[in-house]
Asks: 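Structure provided below as structure tokens; questions to follow.
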Amino acid sequence: MIGAFDRWVASGKTSYTDLAIFRIVYAVLALITLPRLDFVSKFPGSLYRPPPGPFRLLSGVPPHPVFLALQVMLMLSLVC
């Protein structure tokens, strides 16, 4: 399968239909292999050392609904 993909990419002539098919295949593969994020909410607060960014504003590990919402938004963006 990877060989067929490599030949398709190397052929150089991609149409809008080819790009649409690639986008659909990528989204399906990303949805299948999407990791679950809800295990992070079970970590103790002492392990919470976020990198610079929006999670630095929180005082501890975000609750389970936050990770569930992030995962649902990621799935919706892949579907769109």
Asks: Are Phe39 and Met75 grouped together when hydrophobic residues (ILVMFWY) are joined by side-chain heavy atoms under 4.5 angstrom apart?
Replies: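 Not linked; separate clusters.
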
Asks: Are Phe22 and Leu31 co-members of a hydrophobic cluster defined by side-chain heavy atoms under 4.5 Å apart?
Replies: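 No, no single cluster joins them.
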
Asks: What heavy-atom pair brings Leu74 and Leu34 nearest, and what distance separates the two atoms?
Replies: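 Closest approach of Leu74 to Leu34: CD2-CD1, 3.2 Å.
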
Asks: Please examine the side chains of Val66 and Leu58, heavy atoms only from C-beta on, and report whether any two atoms are closer than 4.5 Å.
Replies: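 Result no, sub-4.5 Å side-chain heavy-atom pair not found.
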
Asks: Looking at every heavy atom in both Pro62 and Ser41, which two are closest together, and how far apart are they?
Replies: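 Heavy atoms of Pro62 and Ser41 come nearest at O-CB, 3.6 Å.
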
Asks: First locate atom OH of Tyr16, then atom CD1 of Ile21, and finally report the distance between them rounded to the nearest 0.5 Å.
Replies: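 If we round to the nearest 0.5 Å, Tyr16:OH and Ile21:CD1 are 15.0 Å apart.
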
Asks: I need the minimum non-hydrogen distance between Thr33 and Leu29, along with the two atoms involved.
Replies: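 Residues Thr33 and Leu29, closest heavy atoms: OG1-O, 2.9 Å.
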
Asks: Once rounded to the nearest 0.5 Å, what's the spacing between atom CZ of Arg56 and atom OH of Tyr48?
Replies: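 One finds 8.5 Å between CZ of Arg56 and OH of Tyr48.
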
Asks: About how many Å separate CG of Leu70 and CG of Leu37, when rounded to the nearest 0.5 Å?
Replies: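 So the CG of Leu37 and the CG of Leu70 are separated by 7.0 Å.
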
Asks: Between atom CE of Met73 and atom CG of Leu78, what is the distance when rounded to the nearest 0.5 Å?
Replies: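 Those atoms lie 12.5 Å apart.
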
Asks: For a quick test of reading the model, state the closest non-hydrogen atom pair linking Arg36 to Gln71 and the distance between them.
Replies: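 That would be CA-NE2, 3.7 Å.
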
